[in-house]
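Note that these values count all heavy atoms, side chains included, but never hydrogens, waters or copies made by symmetry. Along the sequence shown, residues are numbered consecutively beginning with 1.
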Amino acid sequence: MVTSGSNPARMIARARILLELDESVGPASDRAVVAERVGVSEGTVYLVAKRFTESAGDVKKVITRRKRETPPVAPKVTGDVEARVIALACTRPPQGYERWSLRLLEKHVVLTDGLPPLDHSTIGRVLKKGASSSPEEVLDDPAKG
């Protein structure tokens with residue numbers, strides 16, 4: 001892993017730190033010496049060694065990235081919101097309009113209770129993702145909707 005250049009630089013650096021700290025080869029060097037050899041800070045050496053002891057010696061867990069349990073920001077568009085936006089787009093447009101536009105849908109989503117304010121481009125992505133056919137086709141053919 002350390003000799004091939006096909007892995008991310010952080011992964012290679014963590015593997016090199018573990019190799020430098022390996023006591024089966026000989027006595028481990030001081031943290032500052034390891035940091036200088038690998039080209040990282042002493043704090044990085046400390047954190048890699050700490051993660052190695054916490055993972056009970058599992059090298060894969062130490063050198064790979066941790067997966068987030070939850071995203072940092074919850075998505076605005078959930079399944080319920082998506083369904084309600086699609087249902088709104090499938091209704092008849094307001095009086096004076098021939099068809100729904102994304103901007104018109106944006107104005108009506110803001111007025112609808114229980115829906116977060118969505119940008120017209122977000123509404124377009126929801127409709128593109130959620131509808132395999134156009135809203136007019138769904139209204140005309142009850143078997144599709």
Legend entry - Minimum heavy-atom distance M11-I63, with the two atoms named: CG-O, 3.6 Å
Inset, instruction - Scan for salt bridge (charged side-chain N to carboxylate O under 4.0 Å, His left out) pairs involving residues 28-56, sequence neighbours excluded, and state none if there are none. - result: E20-R37
Inset, instruction - Ignoring hydrogens and angles, tell me if any N or O in the side chain of W100 forms a donor-acceptor pair with the backbone of C90 under 3.5 Å. - result: no
Inset, instruction - Using side chain to side chain donor-acceptor pair (under 3.5 Å) as the criterion, list what pairs up with S41, not counting sequence neighbours. - result: T44
Legend entry - Interatomic spacing from CD in E82 to NZ in K76 - rounded to 0.5 Å: 15.5 Å
Inset, instruction - Spell out, yes or no, whether V33 and L21 are grouped together once hydrophobic residues are joined by side-chain heavy atoms under 4.5 Å, including indirect joins. - result: no
Inset, instruction - Identify the heavy atoms of V62 and S55 that sit nearest to each other, and give their distance. - result: CG2-OG, 3.5 Å
Inset, instruction - Would you give the length of the straight line joining atom CG of N7 to atom OG1 of T64, rounded to the nearest 0.5 angstrom? - result: 11.0 Å
Inset, instruction - Write out all pairs satisfying ring-ring contact (aromatic ring centres under 6.0 Å, His included) with one or both partners inside residues 25-69, taking only residues at least two apart or from two chains. - result: none
Inset, instruction - State plainly whether one hydrophobic cluster holds both V40 and V34, where clusters connect Ile, Leu, Val, Met, Phe, Trp and Tyr through side-chain heavy atoms under 4.5 angstrom apart. - result: yes
Show every donor-acceptor pair shorter than 3.5 Å between a side-chain atom in residues 106-118 and any protein atom, with sequence neighbours excluded, or say none if there are none.
from	atom 1	to	atom 2	distance (Å)
H108	ND1	L104	O	3.2
T112	OG1	H108	O	2.6

Legend entry - Which residues share a side chain to side chain donor-acceptor pair (under 3.5 Å) with R65, sequence neighbours left out: none
Legend entry - Side-chain heavy atoms of L19 within contact of V38, under 4.5 Å: no
Inset, instruction - Could you tell me which residues satisfy side chain to side chain donor-acceptor pair (under 3.5 Å) with S121, sequence neighbours excluded, listed by chain and number? - result: D119
Legend entry - Heavy-atom side-chain contact between L127 and I123 under 4.5 Å: yes
